[in-house]
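First listed ligand is number 1; within each ligand, the first listed atom is number 1. Index from 1, following the sequence.
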Amino acid sequence: MGSHSVKSVLQGTADPEVEVRGWVKSRRTSRGGFSFIAINDGSCFADLQVVADQALANYDEIVEIGAGCAVVVAGTVAESPGKGQDREVQASEVRIVGGVEDPETYPIAKKRHTFEYLRTVAHLRPRTNTFGAIARVRNTIAQAVHSYFDANGFVWVNTPIITASDCEGAGELFRVTTMDTNTTGQGQETRSAAGGASAGGPRGGSPPLEQKGFFGRDTFLTVSGQLNVEPYCLAMSKVYTFGPTFRAENSNTSRHLAEFWMIEPEIAFADLADLADLAEDFLKSIFSEVLRRHPDDMAFFRDRIDASVIERLENVVESEFLRLDYGEAVDILKASGEGFEFPVEWGRDLQSEHERFLTEQHAGGPVVVVNYPKDIKAFYMRANDDGRTVAAMDVLVPGVGEIIGGSQREERLDALDARMTDAVKEELWWYRDLRRYGSVPHAGFGLGLERLVLYVTGMDNIRDAIPYPRVPNNASF
Ligand code: 4AD
Ligand code: MG
């Protein structure tokens, strides 16, 4: 008799005798002198019902078991006469491995809690139905990302977390330093190994190298792996990076995190239309995989979080994404007659109210908006012949807004130089080099994993789409 997951017991393992380990969701005593214990081990949405008979030697102890206790149960699998499950385990032994100090104050005792409250107990929320389901779905998305790319000939490239450049040019950088920043901006090395620097001078100007800390230069947490993945694209043809990214944007919204995971494919000998095709095929494959692997978790999201969540994904898998030129999108918004808070005008970025209108009202599904004004987009995006737009692409979805941002890259050195300052040219000499040695049209996008989790689960706040959210004024746990 080996140990079994709750999932394997419920799915009908052939072993008549099993050992199951997990955490108690609830326990109740029935009139006939039994205890019913619901156990979950994270392997699936459903709990396993364990029936403990009063004849068990430690029955006195069993009736004290409450939510949160860790137990190991041995017993026989039987057809369950009760409603709600096909199988149950009739216990021959119930061993308490970890008790709960005070059942009265167990922070997630069985009742409904608000998501706001559960964020304050992020160490215990994975034991709830909702956060167990999110963790499983998030895992399947991540696995499906790797499977999709692997099956389609992409190479996973691990780009650095510590970087010297601001890929997006938005200046939302977290500085990486060993300097003691408590010394009122004077900058003091806290580790002697760090470049041999002692006390640094005041900020400003360009201090000598040894005063610039560990790396001998300013360094930051990456906002995107794109610039580092492009060189691999121009050697391996189809690549992607998938890792944590960091943005110090002070937007305290339900769509922004300071630390989030980004999936960034990059394809060579490809243009913007090829990229939009990739994005669409890729998203559909992820949605299909979640629907296939998680009927129970998705049914829970449908019943408790968002009634349309399954139907929405099924429709998306079967339909074609609407593709709109930015200019067309602006015309549609202007003609909508909606009283938007932010004005709609050619040359301005689309706000989330505009994105929501396009996806929810106009298209009733995902929309790919292409060819944005060049002045609102990053320097690396390829200039279109009209002189005023770039080959940029955003994928927008109902409820969430932008989940993908990408572009065809500027592969012509002169055109790239025209969009770089001298300082950036010096900094990114190696990025320019790629345009000197075997440059080809190429394109890539970034997909925010947490925004994708929101869309797939119907959850509302991005802080619930990642185990430990980092947002302004909050980095607990
Ligand atoms: O549109 P963004 O800024 O694009 C880039 O970073 C490109 N360098 C990607 C590329 O072409 N390889 O970000 C891409 C996606 C957004 O569409 C969004 O889903 C997500 O990353 N994202 C965030 N997710 C959570 N919190 C934030 N603060 C985010 N900022 C961007
Ligand atoms: Mg973007």
Side-chain angles (χ1 to χ4, degrees), residues 138 141 145 149 154 157 159 163 165-174 221-233 238-267 270 272 275-276 278-279 282-283 286 326 349-352 354-355 359 366-370 372-373 376-382 390-397 399-410 428 431 442-456 459 461-466 469-472:
R138 184 180 163 113
I141 292 174
V145 165
F149 286 135
F154 285 69
V157 176
T159 51
T163 155
S165 50
D166 178 6
C167 168
E168 290 307 292
E172 294 154 344
L173 298 163
F174 286 104
L221 294 178
T222 186
V223 296
S224 160
Q226 178 198 325
L227 298 188
N228 289 111
V229 94
E230 280 189 52
Y232 275 79
C233 175
K238 292 197 265 185
V239 296
Y240 70 108
T241 175
F242 181 5
T245 49
F246 307 85
R247 294 192 187 181
E249 53 195 335
N250 218 342
S251 33
N252 223 327
T253 77
S254 59
R255 300 287 174 264
H256 291 87
L257 291 164
E259 177 180 303
F260 61 99
W261 286 64
M262 217 200 297
I263 298 144
E264 298 181 85
E266 192 79 25
I267 47 178
L272 193 63
L275 188 70
L278 173 66
F282 171 70
L283 285 173
I286 305 282
Y326 166 87
D349 211 355
L350 300 179
Q351 300 296 321
S352 67
H354 309 137
E355 297 175 344
T359 55
V367 180
V368 187
V369 179
V370 298
Y372 282 76
I376 57 169
K377 289 292 184 186
F379 70 91
Y380 53 73
M381 298 190 178
R382 191 180 195 278
V390 287
M393 167 190 100
D394 276 4
V395 178
L396 316 175
V397 294
V400 179
E402 177 193 337
I403 59 167
I404 284 182
S407 73
Q408 186 172 337
R409 315 310 188 188
E410 186 54 81
L428 292 180
Y431 189 78
H442 62 291
F445 67 73
L447 166 64
L449 175 61
E450 290 73 18
R451 294 210 184 155
L452 186 61
V453 170
L454 284 189
Y455 182 64
V456 167
M459 294 291 292
N461 194 310
I462 201 160
R463 292 159 206 225
D464 300 327
I466 189 166
R470 267 66 180 117
V471 293

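Close N/O approach between Ser407 and ligand 1 is not found [any backbone or side-chain N/O within under 3.5 Å]. Between Gly406 and ligand 1, no N or O atom pair is found at a separation short of 3.5 Å.
Taking every non-hydrogen atom of Glu264 and a distance limit under 4.0 Å, the qualifying atoms of ligand 1 come out as 8 (N), 9 (C), 10 (C), 12 (N). Near Ser224, the atoms of ligand 1 lying under 4.0 angstrom from a non-hydrogen atom of the residue are 6 (O), 8 (N). Residue-ligand proximity, Arg409 to ligand 1, at heavy-atom distances under 4.0 Å covers atoms 10 (C), 11 (O), 12 (N). When each atom of ligand 1 is checked for a heavy atom of Met262 under 4.0 Å away, the hits are 6 (O), 14 (C), 21 (O).
Residue contacts with ligand 1: Glu450 is excluded, as none of its non-hydrogen atoms falls under 4.0 Å. At a 4.0 Å cut-off, at least one heavy atom of Arg255 sits close enough to ligand 1 to count as contact. Distances from ligand 1 to the non-hydrogen atoms of Ile462 include at least one value under 4.0 Å.
Between the side chains of Thr163 and Thr222, no donor N or O sits under 3.5 Å from an acceptor N or O. Under the 3.5 Å distance criterion, with hydrogens and angles disregarded, a donor-acceptor pair is assigned to the side chains of His442 and Glu230.
Counting non-hydrogen atoms of neighbouring residues, nucleotides and ligands closer than 6.0 angstrom, the CG atom of Asn252 exceeds 12 such neighbours.
By the 4.0 Å N-to-carboxylate-O rule, Arg247 lies too far from Glu259 to be salt-bridged with it. Here Lys238 does not pair with Glu266 in a salt bridge; the nearest charged N to carboxylate O distance is not below 4.0 Å.
Nearest heavy atoms, Met393 versus Ala279: CE-CB, 4.0 Å.
Closest approach between the Mg ion (ligand 2) and any N/O/S atom of Glu402 involves OE2.
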Item checked: Verdict with reasoning, Val229 to Tyr240, per side-chain contact (heavy atoms from CB on, under 4.5 Å) -> CA-CA 7 Å; Val229 94; Tyr240 70 108; over 6 Å; no

